[in-house]
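So the structure is just underneath, and the comments pick up after that.
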Amino acid sequence: MQKTYNAAFIPNNYSELLSELKEASFNWEIKFSSMTENKTIGHISHYALNDAMSRNNCLILIPGLASNTRAEPLMKVVEYWALTNKYDIYCIDTFLGDFLPEMSQKLAQKHTFAEYINLIDAGLDVVEHYVRAKKYNYSCVVGHSAGATGAIEIFNKRIQENKRLRFSAAILFAPYITKEYKEYIQNFYKMFSFDGKISEEEFKRSAIGLCSPHEPPINNKYQKVSILPTFFDEMESVKFRPDLMGKYTIPITLVAGGRDQKSPADKLYEKYNILRQGENGNLWRCVVFKNSRHSFIESHKDYGAILHLIQSQKIRAKNGTRR
């Protein structure tokens with residue numbers, strides 16, 4: 001299931017080098033809104049080297065919960081690899097990556113999981129327009145955590161609407177699949193924000209603030225994203241749909257961390273075993289990095305294997321696994 005590759009081509013100071021790369025390759029950044037009455041705002045950043053080779057390939061990055069592509073280590077190392085290997089990148093950041101000094105009840109009520117899905121969907125519509133216009137040979141969605149869950153939800157929606165999936169392939173890191181995490185995180189915020197001295201009903205109506213594990217505090221104060229505790233109930237409502245996922249026509253790789261307690265590797269592998277036995281089962285693959293946790297923060301030694309995985313997914317797409 002897991003192979004080890006030489007990660008020497010990812011230097012320890014890749015984060016510093018990435019800043020220079022992104023400054024040199026920055027093309028544009030736009031704001032976009034969801035397709036709902038809430039009209040939440042997201043951001044898309046496009047980096048392109050204006051090199052003939054870069055016009056052949058692109059990655060579309062969707063970061064995890066309470067994070068953004070500017071801060072999340074997994075996304076940053078993928079960006080570094082992509083730019084040094086002459087890939088264009090499109091970074092889709094949602095309201096979950098917008099950190100503010102104070103919590104907001106009004107924003108929390110807008111920031112639902114359904115709205116998060118709608119915003120990613122709208123962002124992918126925007127990116128798809130550019131992908132088609134530039135006629136890339138290969139385009140791959142790289143989603144992490146809630147971003148990976150969102151990609152699956154959107155792909156399922158397109159299957160239900162009898163529409164083709166938009167891109168050549170997808171690599172989905174640690175999508176949420178277990179209710180145990182929801183119960184843990186809700187109990188944590190009930191104690192952290194209210195010292196537990198609040199009724200269950202009142203708690204579910206009260207804004208809580210998600211802090212990014214990757215964003216440093218400003219003036220010794222952490223910035224937050226405001227959501228309601230019911231956001232996690234909505235995430236749990238996501239259903240595993242092998243009847244729809246079996247109809248995907250592009251290669252999809254699920255990636256698990258062996259030490260991940262939020263999206264456990266054994267649970268993810270159970271889902272994979274069902275998918276690989278179904279329709280188009282040859283398009284599915286599951287890879288486990290034994291030493292990685294959910295965020296892949298401490299896994300520099302795994303980055304070489306992760307990036308080899310992205311490269312091999314391109315080969316799978318070009319070898320006829322995509323219709």
Side-chain angles (χ1 to χ4, degrees), residues 18 21-36 39-63 68-70 75-76 78-95 97 116-144 147-148 150-172 248-253 283 310-311 313-323:
L18 176 62
L21 272 173
K22 291 178 79 170
E23 184 177 349
S25 60
F26 176 77
N27 204 281
W28 49 255
E29 180 174 278
I30 61 172
K31 290 184 178 180
F32 69 100
S33 65
S34 69
M35 298 173 282
T36 70
K39 293 195 182 301
T40 51
I41 301 298
H43 317 271
I44 299 174
S45 303
H46 176 43
Y47 299 89
L49 293 170
N50 294 319
D51 181 279
M53 286 182 63
S54 73
R55 291 194 284 272
N56 292 328
N57 309 291
C58 72
L59 301 181
I60 301 94
L61 308 183
I62 310 175
N68 56 51
T69 52
R70 298 180 300 278
M75 292 296 166
K76 288 170 69 176
V78 170
E79 288 175 339
Y80 176 84
W81 177 86
L83 291 174
T84 54
N85 283 275
K86 302 186 184 302
Y87 278 62
D88 283 6
I89 51 178
Y90 295 86
C91 304
I92 300 178
D93 291 306
T94 68
F95 57 74
Y116 171 67
I117 298 295
N118 285 331
L119 193 55
I120 293 177
D121 200 5
L124 287 173
D125 274 345
V126 174
V127 173
E128 182 182 27
H129 170 78
Y130 286 98
V131 168
R132 287 186 173 184
K134 290 187 175 241
K135 298 180 180 179
Y136 292 105
N137 293 332
Y138 174 72
S139 56
C140 181
V141 173
V142 180
H144 174 235
I152 291 172
E153 283 286 274
I154 293 163
F155 288 170
N156 286 348
K157 175 186 170 188
R158 288 185 78 85
I159 295 295
Q160 288 176 307
E161 295 172 346
N162 293 315
K163 297 178 181 177
R164 65 181 290 274
L165 301 187
R166 312 166 204 236
F167 306 107
S168 307
I171 302 174
L172 305 176
Y248 291 6
T249 55
I250 61 174
I252 306 278
T253 297
L283 295 177
I310 294 174
Q311 213 161 23
Q313 190 76 313
K314 176 182 174 183
I315 295 169
R316 293 178 72 216
K318 288 192 172 181
N319 281 345
T321 50
R322 180 191 178 199
R323 285 199 301 203

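A quick note: this is a predicted structure, and the numbers were derived from the prediction, not measured.
Residues P63 and H144 fail the side-chain proximity criterion, which asks for heavy atoms closer than 4.5 Å. In this structure, the side chains of L18 and W81 stay at 4.5 Å or more apart for every pair of heavy atoms. M35 is listed as a side-chain neighbour of D125, based on a closest heavy-atom distance under 4.5 Å. Contact annotation: the side chain of E79 approaches that of T69 to within less than 4.5 Å [non-hydrogen atoms, C-beta and beyond]. In this structure, I60 and L124 have side chains that are in contact, with non-hydrogen atoms separated by less than 4.5 Å. For the pair Y90 and V126, the minimum side-chain heavy-atom distance is 4.5 Å or more.
The side-chain contact (heavy atoms from CB on, under 4.5 Å) test with Y47 is passed by exactly one of L21, L83, L59, N27: L83. With Y87 as reference, N57 is the one residue of L49, V78, N57 to meet the side-chain contact (heavy atoms from CB on, under 4.5 Å) rule.
Taken from CG in N137 to SG in C58, the straight-line distance is 10.0 Å, to the nearest 0.5 Å. From K134, atom NZ reaches atom CG of N56 across 12.0 Å, with rounding to the nearest 0.5 Å. Separating the CD1 atom in I250 from the CD1 atom in I252 is a distance of 4.0 Å, to the nearest 0.5 Å. The line from CG of L165 to CD1 of I154 is 11.0 Å long, rounded to the nearest 0.5 Å. Here the straight-line distance linking atom NZ of K22 with atom OG of S45 works out to 7.0 Å at 0.5 Å rounding. Between the CG atom of D93 and the CD atom of E29 there is a distance of 8.0 Å, given to the nearest 0.5 Å.
Annotation for A170 and F155: closest pair CB-CE1, 3.9 Å, computed over non-hydrogen atoms. Minimum interatomic distance between S33 and L119 (heavy atoms only, all atoms of both residues): C-CD1, 3.8 Å. When all heavy atoms of I62 and M75 are compared, the closest pair comes out as O-CE, 3.2 Å. Taking all atoms of both residues into account, the shortest heavy-atom contact from P251 to S168 is CD-O, 3.4 Å.
Ion pairing of K157 with E153 is absent here, as no side-chain N (NZ or NE/NH1/NH2) approaches a carboxylate O to less than 4.0 Å. Using a cutoff of 4.0 Å between basic side-chain nitrogens and carboxylate oxygens, R158 and D121 are not scored as salt-bridged.
Ring orientation note: the planes of Y130 and W28 are tilted relative to one another, at an angle of 30° to 60°.
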What do the steps show when you test V127 against I44 for side-chain contact (heavy atoms from CB on, under 4.5 Å), and what is the final call? CA-CA 8 Å; V127 173; I44 299 174; 4.1 Å; yes
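For CD of E161, the number of neighbouring non-hydrogen atoms (other residues, nucleotides, ligands) closer than 6.0 Å is greater than 12.
Formation of a donor-acceptor pair under 3.5 Å by the D88 side chain with backbone atoms of H46 is not found in this model. In this structure a side-chain-to-backbone donor-acceptor pair under 3.5 Å is missing from S139 to F167.
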